[in-house]
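Structure record follows, encoded as structure tokens.
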Protein chains: 2
Amino acid sequence: MQSKPTTIKEIAQILGISVSTVSRALHDHPSIGLTTRMKVKKLADELNYEPNQTAIFLQQGKTHTIGVILPELSEAFFSSAISAIEDTAYKKNYTVLLAQSHDDEQKEKQLVEKMKNHRVDGLLVSVGKNTSSFQHFESLKKYDIPVVFFDRIPPMQNIHYVACNMEIGTIEAVSYLLKRGHRAIGMINGPQTMVATGERKEGYIKAMTKNRLKFDPSLIVSCDLTEDGTKAALDELLASKRKPTAIVTFNDYVALFAIKYAQKLKININKDLEFVSYANLPLINYMENIPAASVEQFPYLQGQKATDILLDLLRNKQQGSNEQSAYYKIIIESQLIENKQ
Amino acid sequence: MQSKPTTIKEIAQILGISVSTVSRALHDHPSIGLTTRMKVKKLADELNYEPNQTAIFLQQGKTHTIGVILPELSEAFFSSAISAIEDTAYKKNYTVLLAQSHDDEQKEKQLVEKMKNHRVDGLLVSVGKNTSSFQHFESLKKYDIPVVFFDRIPPMQNIHYVACNMEIGTIEAVSYLLKRGHRAIGMINGPQTMVATGERKEGYIKAMTKNRLKFDPSLIVSCDLTEDGTKAALDELLASKRKPTAIVTFNDYVALFAIKYAQKLKININKDLEFVSYANLPLINYMENIPAASVEQFPYLQGQKATDILLDLLRNKQQGSNEQSAYYKIIIESQLIENKQ
DNA sequence: ATATGGTGCGCAAACGTTTGAGTGTTTTTT
DNA sequence: AAAAAACACTCAAACGTTTGCGCACCATAT
């Protein structure tokens with residue numbers, strides 16, 4: 001029994017009235033009499049009428065849907081963020097269209113197209129770590145599809161974004177290590193292409209100069225965030241003239257790779273070599289050797305804020321306020337959290 | 001400059017031909033001449049024409065979208081599953097509409113309605129653990145919206161599902177430990193209320209009897225899956241007459257709690273006390289002391305299979321094959337995976 | 001009796017696309 | 001040379017909804 005859903009047209013026919021009357025009756029339009037309104041609602045209820053959203057989408061030119069593009073759903077940070085996005089969107093009666101780029105620039109571009117074709121009302125994006133061209137986002141502006149970036153934001157001028165300021169957190173992290181007596185502090189940083197990489201470096205330098213210590217560039221090494229890359233980076237640090245007694249790593253994953261490797265090298269974690277990291281992943285609750293502290297980046301909060309902003313933009317757009325001069329640039333201050341061992 | 005997207009109509013007007021010709025030209029319909037076809041495509045390209053999906057949705061009565069309802073996005077199992085679902089759907093050019101129930105039956109019902117209104121072509125569902133009524137799923141059948149359940153499947157008769165059988169994996173796990181010479185094998189099981197707890201216990205007993213060993217009930221203890229509960233459970237096991245030399249834990253989290261605690265007790269992990277667990281969480285890649293083996297529940301595979309089935313159902317539906325007698329009931333055998341240390 | 005105004009509803013266009021059924025030309029077949 | 005077939009394209013309906021405008025009707029005020 002695959003009874004096709006009831007339409008407004010059928011209701012109109014049964015009641016012997018016009019479709020427009022039915023439509024208005026269902027929307028409590030004042031120009032419809034009480035009796036007909038009741039009749040319509042009663043019948044609609046009996047026939048289990050449900051408005052066909054696709055028709056409404058077409059009619060209104062909007063879908064009440066927001067697209068989300070992020071690198072990797074199974075990463076703790078993003079799964080937490082998407083959870084927040086869905087929660088927030090749901091409350092405002094929006095639906096979430098989801099896609100992951102797997103850090104593939106090409107796929108990211110295709111996804112933007114796809115989202116555009118699906119006529120999402122707006123887009124939430126965390127850009128892939130390899131993405132180097134950003135034309136595909138520019139093109140969205142032409143179509144008046146608002147985009148809010150979160151966490152991994154592109155180096156573009158006029159964009160809305162919410163991100164975590166890594167600089168403050170990094171300053172805190174380095175200061176924390178300095179306070180604990182370390183002087184040779186290494187850093188395993190991310191790829192040069194990422195904004196976050198620069199921020200961490202800046203924070204590192206600022207923390208050093210603030211404490212009137214000279215900055216040794218050889219103590220900062222890049223890595224591609226893979227396990228092998230991390231090993232290589234650690235090797236490089238350990239081989240440098242001023243062997244570091246503490247290391248700030250790009251994120252918890254890198255930290256754990258490094259710790260695992262360091263243990264293989266018979267290094268006593270958090271005694272001979274102390275770690276501080278970013279992200280504050282839940283998994284460190286389950287572990288023995290973990291970074292002494294982590295810079296929390298508040299993924300849930302970021303997702304929430306970004307969604308709030310996007311929905312706000314959509315509301316303003318609807319009301320035709322065309323002062324497109326203001327850009328939301330929300331910075332959530334990262335915060336160093338000391339891990340209880 | 002918010003130029004509205006180009007439509008087929010505009011192209012037709014500029015070229016002085018009809019919209020149907022443009023539509024057919026873009027679809028390489030044989031009845032359109034080569035020259036017009038070229039002209040159309042060229043102009044469409046120049047104007048950056050993108051078909052309006054919402055119009056196509058309405059026209060074709062299908063959205064090329066599948067809805068996914070699951071309890072909690074931020075849980076590792078589900079974030080891995082949703083990752084698989086998105087990947088698989090993307091390959092077949094489907095899009096994913098996402099929502100989480102937070103194990104709330106009421107919200108789950110609302111989400112089903114919402115998905116229906118959005119005219120998703122099909123639905124993928126992992127039911128909340130508190131859901132006790134399943135009427136909201138029944139109603140989907142009337143509208144001919146196929147549903148495939150995965151992992152957490154409801155007690156309904158005629159449904160498609162893919163799930164994981166825990167008993168086999170447990171038998172393997174216990175047999176694995178027996179083969180390695182253990183005779184006193186403990187089990188830290190879950191709460192008695194959970195179905196999965198019973199499955200594990202059954203598997204344990206079957207493995208023992210299969211190997212003609214007597215089953216000692218005192219070697220199976222319950223715990224509430226928290227860190228403290230795990231500690232208590234481990235204490236209980238270690239205090240029993242036949243002190244176990246190996247332990248099967250309800251899941252990886254419990255295993256890691258237990259391992260962490262055992263280390264505090266100066267027990268040599270995987271030498272004095274060997275662990276086997278369930279889930280095979282990715283986080284063990286980052287860790288030093290991990291269970292020797294884990295019963296893998298294949299979240300990615302489950303998501304993938306479920307999506308494959310759903311897309312298959314959709315394809316068959318389109319081709320009008322109305323033999324709705326067959327139901328997919330895929331059991332993925334859980335499998336013991338030895339962890340490389 | 002005529003204007004005024006409110007009430008309750010219908011008409012038809014619009015959103016952008018697909019597609020079955022024509023229609024007029026040209027080419028091929030017999 | 002006439003009939004048949006192939007070609008290239010157009011018309012218009014359909015998908016389900018919303019909404020500006022128009023129209024009839026009745027009640028009240030002039």
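Hydrogens, waters and symmetry mates are skipped; everything else that's a heavy atom, side chains included, is used. Here is the naming used below: chain letters follow the sequence lines, and residue numbers restart at 1 for every chain.
Phe57(A) has its CZ atom 12 Å from the P atom of dT17(D), to the nearest Å. Following rounding to the nearest Å, Ile32(A) (CD1) and dG6(C) (P) show an atom-to-atom distance of 18 Å. Residue Gln59(A) contributes atom CD, which lies 4 Å from atom C1' of dT18(D) at whole-angstrom precision. In this entry the distance linking NZ of Lys39(A) with P of dG8(C) reads 13 Å, nearest Å. Rounded to whole Å, the distance from CZ on Arg37(B) to P on dA8(D) is 9 Å. To the nearest angstrom, C1' of dG16(D) lies 7 Å from OH of Tyr49(A). For Ile8(B) and dT10(D), the CD1 to C1' distance is 14 Å, given to the nearest whole Å. The CG-P distance, from Leu15(A) to dG8(C), rounds to 17 Å in whole Å.
Seen from the ring of Tyr90(B), Lys107(A) counts as a face-on cation partner, given the 6.0 Å and 45° thresholds.
Distance from the side chain of Lys9(A) is smallest for dT17(D) among the nucleotides dA14(D), dT17(D), dT18(D). If you check dT17(C), dG16(D), dA12(C) against the side chain of Ser20(A), the one that comes closest is dA12(C). Side chain of Ser18(A), nearest nucleotide from dC15(C), dC11(C), dC11(D): dC11(C).
Proximity of Ser23(A) to the phosphate of dT18(D): a side-chain N or O atom is located under 4.0 Å from OP1 or OP2. The phosphate of dC15(D) has neither OP1 nor OP2 within less than 4.0 Å of any side-chain N or O from Lys62(B).
At a threshold of 4.0 angstrom between heavy atoms, the contacts of His27(B) are confined to the sugar-phosphate backbone, with no base atom among them. Using a 4.0 Å heavy-atom distance criterion, Leu58(A) is classed as a base contact. Counting non-hydrogen atoms under 4.0 angstrom, Gly61(B) reaches nothing in the nucleic acid. Residue contacts for Ser31(A): at a heavy-atom cut-off of 4.0 Å it reaches a base atom on one of the strands shown.
Within 6.0 Å of CD in Gln13(B) there are 12 or fewer heavy atoms belonging to other residues, nucleotides or ligands.
Exactly one of Glu108(A), Glu113(A), Lys116(A), Lys109(A) qualifies for a side-chain hydrogen bond (donor to acceptor under 3.5 Å, both in side chains) with His136(A). That residue is Glu108(A).
Toward the 5′ end of DNA chain C lies the nearest nucleotide of Thr36(A), the other residue of the pair Thr21(B) and Thr36(A) mapping further downstream. For the pair Arg119(B) and Pro30(B), both in contact range of DNA chain D, the more 5′-proximal nearest nucleotide belongs to Pro30(B).
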* **Verdict with reasoning, Phe57(B) to His64(B), per ring pair (Phe, Tyr, Trp, His ring centres under 6.0 Å)** => CA-CA 8 Å; Phe57(B) 294 162; His64(B) 255 71; 7.8 Å; no
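Judged by distance alone, with hydrogens and angles left aside, Arg24(B) brings no side-chain donor or acceptor close enough to the base of dT17(C) to form a pair under 3.5 Å.
Under the 3.5 Å distance criterion, with hydrogens and angles disregarded, no donor-acceptor pair is assigned to the side chains of Glu50(A) and Thr6(A).
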